[in-house]
Colleague: 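The following block contains the structure, expressed as structure tokens.
Every chain is numbered from 1 and lettered A, B, ... according to where its sequence line falls, protein lines coming before strand lines.
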Protein chains: 2
Amino acid sequence: MSRKTFQRLSLDVRRRSLIEATLTCIARDGLHGASVRRITEEAGVTVGLVRHYFGSKDDMIRNAYAYLVGQLTAQASESARATEGTPEAKLASFLRANLTKPNMDEQTVSLWATFIGRVRHDPDFAEIHRDGYREFLNVLETLIEPVLIDHGCPHSVAICRNHAIALNGLIDGLWMEGALNSGLYAQDILPDLITGAAERLLELPAGALSAPDIALQSARHQTHSEQQSKPS
Amino acid sequence: MSRKTFQRLSLDVRRRSLIEATLTCIARDGLHGASVRRITEEAGVTVGLVRHYFGSKDDMIRNAYAYLVGQLTAQASESARATEGTPEAKLASFLRANLTKPNMDEQTVSLWATFIGRVRHDPDFAEIHRDGYREFLNVLETLIEPVLIDHGCPHSVAICRNHAIALNGLIDGLWMEGALNSGLYAQDILPDLITGAAERLLELPAGALSAPDIALQSARHQTHSEQQSKPS
DNA sequence: ATCAAAATTATTCAATTGTATAACAATGAG
DNA sequence: CTCATTGTTATACAATTGAATAATTTTGAT
């Protein structure tokens, strides 16, 4: 019986393929069902490669966690960056993105919770979590400040930070409970719900985030040089 | 070599002792480190009892999850019920209780996240989660409604429910990120932060929840028959 | 075309897992 | 005091686990 034929791939490609297989398996089988054998089978390689590329299974899982957190934050940030228009529109887009596909996904939340459960037991997990959380807070602060300025609200660093902490809590909680979808309400109410809630949290006039057209009118006397581009 | 001496305990006591040992082990060693042997050693019995009382390890863990959720909800509800005074004081007490010890505890959050990670893979876990979530929402609605009425705010069933969903998200998110304590801010800012945030979410006058004395004055013209009892 | 380097496979190993079964002893009824 | 009940211990077992080692094949440099 002949050996399996194989390709030698670059370090980056192999590592990524193993990491993605790890996430796939944990999402599908849970942490306890994601054995080295199943993961490597999913990646189309044999077990030895784990040791070769990561040293140990735990180290591979750590890398998978960091990869997931990075993806989540990057997706959310990108969604805000890609939105043109007023700061209100950017913030609203960011909030809504967190509560719609693909960001709000049961599989992703499940993965995330599984990893969070290890933060306490593994310093590396704790560091990955802290970095991801800090990054998320920073993005939020950056989005919040211009909105506060636009509406003449207080916008000191401390105030922006506290708003970011609260808003992040709101996002996290709704994201998690919404994605797990216990069936107590329809998931699609959440984007509107969070923009409305954010308006009140930041003490913006009603509709500032949830009704962009109205908000645009009321904001026009401040930033009349900007014009909203209609999506095709 | 003689056998281990033992006591025959009642069904309830044994089951609870095994359940608590299960939670202790998962909190200490993580889900993967909580083997039947370690759990039974923690409980001071031998491995055979798991089969005898629960049938399987998975079934024992399911029971441990239900036990944890029940405790969490009961503690939170009790903290609100025990507070005498205005509806505002009750709601504020409930909110603050969720973000202070013993409710906000890294070990508990870690346990909770670990279990949440299994909701997707086990229908029994999903049911336990849904029941706990529904119960929490109901408590919140019950606390929110009289506050809205006191301040002359709209308080339809739908409005109360939406407020409860948002407030629950806020609680969950802050509770989780706060307990994991990434060190980005001091944990003890959270009780004040959430009462302030809740005021704005519910569109109450500033201080209605965060500064009970001032709130009492402003509410006195509505509910002047009530009097606050000073804590000893 | 050759050959050394190293990426990958194949296999082995000890340890641990959850569960099943049999032996035992604590307990309460009579 | 006796004895059956059954809660509990002790042991066995097959399966699976993560990791280590050895064998082999691909690849790129020369």
Colleague: Could you tell me whether the side chain of A:Thr108 reaches within less than 4.5 Å of the side chain of A:Asn103, counting heavy atoms only?
Modeller: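 A side-chain contact is absent here, since even the closest heavy-atom pair is not under 4.5 Å.
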Colleague: Rounded to whole angstrom units, what separation is found between the CG atom of A:Leu31 and the P atom of D:dT17?
Modeller: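 Spelled out: CG on A:Leu31 to P on D:dT17 is 12 Å.
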Colleague: Taking salt bridge (Lys or Arg N to Asp or Glu O under 4.0 Å) as the test, write out the residues that go with A:Glu135, two or more places apart.
Modeller: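 Scan of A:Glu135 (salt bridge (Lys or Arg N to Asp or Glu O under 4.0 Å), adjacent residues dropped) gives none.
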Colleague: May I have the distance from B:Leu11 (atom CG) to D:dG7 (atom C1'), rounded to whole angstrom?
Modeller: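 Interatomic distance, CG of B:Leu11 to C1' of D:dG7: 11 Å.
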Colleague: Figure out the CZ/P separation between A:Arg62 and D:dG18, and round it to whole Å.
Modeller: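 Taking atom P of D:dG18 as the reference, CZ of A:Arg62 is at 14 Å.
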Colleague: What are the atom names and distances for every N/O pair under 3.5 Å that joins the protein to nucleotides 7-9 of chain C?
Modeller:
residue : atom : partner : partner atom : Å
C:dA7   : OP2  : A:His52 : NE2          : 3.2
C:dA7   : O4'  : A:Arg8  : NE           : 3.4
C:dA7   : O4'  : A:Arg8  : NH2          : 3.1
C:dT8   : OP1  : A:Gln7  : O            : 3.0
C:dT8   : OP1  : A:Leu9  : N            : 2.7
C:dT8   : OP1  : A:Arg14 : NE           : 3.1
C:dT8   : OP1  : A:Arg14 : NH2          : 3.3
C:dT8   : OP2  : A:Tyr53 : OH           : 2.3
C:dT9   : OP1  : A:Lys4  : NZ           : 3.1
C:dT9   : OP2  : A:Thr46 : N            : 3.0
C:dT9   : OP2  : A:Thr46 : OG1          : 2.7
C:dT9   : O5'  : A:Thr46 : OG1          : 3.2
C:dT9   : O2   : A:Arg3  : NH1          : 3.0
C:dT9   : O2   : A:Arg3  : NH2          : 2.9

Colleague: Do A:Thr83 and A:Ser93 have side-chain atoms, one donor and one acceptor, less than 3.5 Å apart?
Modeller: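 Yes, because at least one side-chain N or O of A:Thr83 sits under 3.5 Å from a partner of the opposite role on A:Ser93.
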Colleague: Is the phosphate of C:dT16 approached by B:Ser35 (side-chain N or O, under 4.0 Å from OP1 or OP2)?
Modeller: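 No.
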Colleague: Got a sec, which pairs hit ring-ring contact (aromatic ring centres under 6.0 Å, His included) with one end in residues 36-85 of chain B, sequence neighbours left out?
Modeller: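 Residue pairs with at least one partner in residues 36-85 of chain B: B:Tyr65-B:Phe115, B:Tyr65-B:Phe125.
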Colleague: Output the rounded distance in Å from CZ (B:Arg37) to P (D:dT9).
Modeller: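 So the two atoms are 14 Å apart, to the nearest Å.
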Colleague: In this structure, how many angstroms lie between the P atom of D:dT16 and the CG atom of A:Asp29, rounded?
Modeller: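 Rounded to the whole Å, the gap is 14 Å.
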Colleague: I'd like to check the ring pair (Phe, Tyr, Trp, His ring centres under 6.0 Å) partners of A:Phe94; sequence neighbours left out, ordered by chain and number.
Modeller: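 Checked A:Phe94 against ring pair (Phe, Tyr, Trp, His ring centres under 6.0 Å); matches are A:Phe136.
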Colleague: Figure out the NZ/P separation between B:Lys57 and C:dT17, and round it to whole Å.
Modeller: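 So the NZ-P distance, B:Lys57 to C:dT17, works out to 8 Å.
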Colleague: Would you say that more than 12 heavy atoms from the other residues, nucleotides or ligands in this model lie under 6.0 Å from the CD of A:Glu41, or not?
Modeller: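 No - once you tally the heavy atoms of other residues, nucleotides and ligands closer than 6.0 Å, there are 12 at most.
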Colleague: Mind checking salt bridge (Lys or Arg N to Asp or Glu O under 4.0 Å) for A:Asp122 and listing every partner two or more places apart, or none if nothing turns up?
Modeller: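 So A:Asp122 forms a salt bridge (Lys or Arg N to Asp or Glu O under 4.0 Å) with A:Arg62.
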Colleague: Please determine whether the number of non-hydrogen atoms from other residues, nucleotides or ligands lying under 6.0 Å from atom CZ of B:Arg16 exceeds 12.
Modeller: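 Result for CZ/B:Arg16: open.
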Colleague: For the side chain of A:Arg51 and the base of D:dG18, is some donor closer than 3.5 Å to an acceptor across the two?
Modeller: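 By the distance-only test, no, there is no pair.
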Colleague: Among residues 118-128 of chain B, which contact DNA chain D at a heavy-atom distance under 4.0 Å?
Modeller: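 Correct list: empty, so none.
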Colleague: From CD1 of A:Ile39 over to P of D:dA19, roughly how many Å is that when rounded to an integer?
Modeller: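 Roughly 11 Å, once rounded to whole Å.
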Colleague: How close or far is atom C1' of C:dT19 from atom CD1 of B:Ile61, stated in whole angstroms?
Modeller: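 Going from B:Ile61 (CD1) to C:dT19 (C1'), I get 14 Å.
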Colleague: Using the closest heavy atom to pick a nucleotide of DNA chain D for each, name whichever of A:Arg38 or A:Gly55 lands nearer the 5' end.
Modeller: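 Here A:Arg38 is the residue nearer the 5' end.
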Colleague: Strictly by modelled atom types, are A:His129 and B:Glu177 linked by a side-chain donor-acceptor pair under 3.5 Å?
Modeller: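 Judged by distance alone, the side chains do pair up.
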